[in-house]
Amino acid sequence: MYFFNVDLPDYAGYSKYNKDVLYLLFKILLAPILETLLSQKLSYELFLFITKKSQASIFLSSMLFGLMHYSSVHHMFIAFIFGLILGNCYVISLNKNNKTAFWNTCAVHSLWNLFSSCIILLFN
């Protein structure tokens, strides 16, 4: 949400429930696809082409993932750590089955976003 700067306007009749549903749809469906494409697939492949080292590419793509979540240093650090997890998930899936690596990583990312979004909505 921070990277894409999505904010839903407050229209009359536009309930908090509807905003929460749209928020969850964005966080669970759209954001994981876009972020996995940018942070794992494209950046990993680019960094692998440059460095020729898989672990260095995962590290660099994780740094990019962390920078995409710039709301605070704490949030960026957590995103960096999660980027390492997603990067390794992508590479492991890539080594096992090239056709599903992207979607496997999107699924892990979606599940994480579902979990974290539910916690945020419960305490907001």
Same cluster (ILVMFWY, side-chain, under 4.5 Å), Leu64 and Ile58: no

Got a sec, which hydrophobics cluster with Val108, joining ILVMFWY side chains under 4.5 Å apart, including via others? Phe65, Phe82, Ile85, Leu86, Trp112, Phe115, Ile119, Leu122, Phe123

I need the Phe80 CZ to Met76 CE distance, nearest 0.5 Å. 10.5 Å

ILVMFWY clustering at 4.5 Å (side-chain atoms), partners of Ile92: none

Residues two or more places apart in sequence or in another chain: which of them pass side-chain hydrogen bond (donor to acceptor under 3.5 Å, both in side chains) with Ser61? none

Applying ring-ring contact (aromatic ring centres under 6.0 Å, His included), can you list everything that pairs with Phe77, at least two apart in sequence or on another chain? none

Sorted by chain and residue number, the side chain to side chain contact (heavy atoms under 4.5 Å, CB included) partners of Asn97 (sequence neighbours excluded) come out as Lys99, Thr100

Could you grab the distance from atom CG of Asn95 to atom OG of Ser54, nearest 0.5 Å is fine? 7.0 Å

Can you name the closest pair of heavy atoms from Asn98 and Leu94 and give their distance? OD1-CD1, 2.9 Å

Enclosure of Lys52 NZ (heavy-atom neighbours >12, cutoff 6.0 Å): yes

Sequence neighbours left out, what passes side chain to side chain contact (heavy atoms under 4.5 Å, CB included) with Leu29? Give chain and number order. Leu25

Check the pair Lys53, Leu60 against side-chain contact (heavy atoms from CB on, under 4.5 Å), reporting the backbone distance first and the verdict last. CA-CA 11 Å; Lys53 295 179 181 174; Leu60 292 170; over 6 Å; no

Return the set of residues passing side-chain hydrogen bond (donor to acceptor under 3.5 Å, both in side chains) with Ser116 (not counting sequence neighbours), or none when no residue passes. none

Not counting sequence neighbours, which residues clear side-chain hydrogen bond (donor to acceptor under 3.5 Å, both in side chains) with Ser93? List them please. Asn104

Report the distance from atom CG of Leu114 to atom SG of Cys118, rounding to the nearest 0.5 Å. 4.5 Å

Taking side chain to side chain contact (heavy atoms under 4.5 Å, CB included) as the definition, give me every residue that meets it alongside Thr36, ordered by chain and number, with sequence neighbours left out. Gln40, Phe102, Thr105, Cys106, His109

In terms of heavy-atom contacts, does CE of Met63 have more than 12 from other residues, nucleotides or ligands at under 6.0 Å? no

Same apolar cluster: Ile28 and Leu111, side chain cutoff 4.5 Å: no

Distance, nearest 0.5 Å, that separates CG of Leu22 from NZ of Lys27: 14.5 Å

Please collect all ring-ring contact (aromatic ring centres under 6.0 Å, His included) contacts where either partner lies in residues 28-58, sequence neighbours excluded, each pair once. Tyr44-Tyr90

What is the distance from atom CD1 of Ile81 to atom CD1 of Ile78, rounded to the nearest 0.5 Å? 9.0 Å

Looking at every heavy atom in both Leu84 and Ser62, which two are closest together, and how far apart are they? N-OG, 3.0 Å

Could you work out, with side chain to side chain contact (heavy atoms under 4.5 Å, CB included) as the rule, every residue matching Leu46, not counting sequence neighbours? Ile50

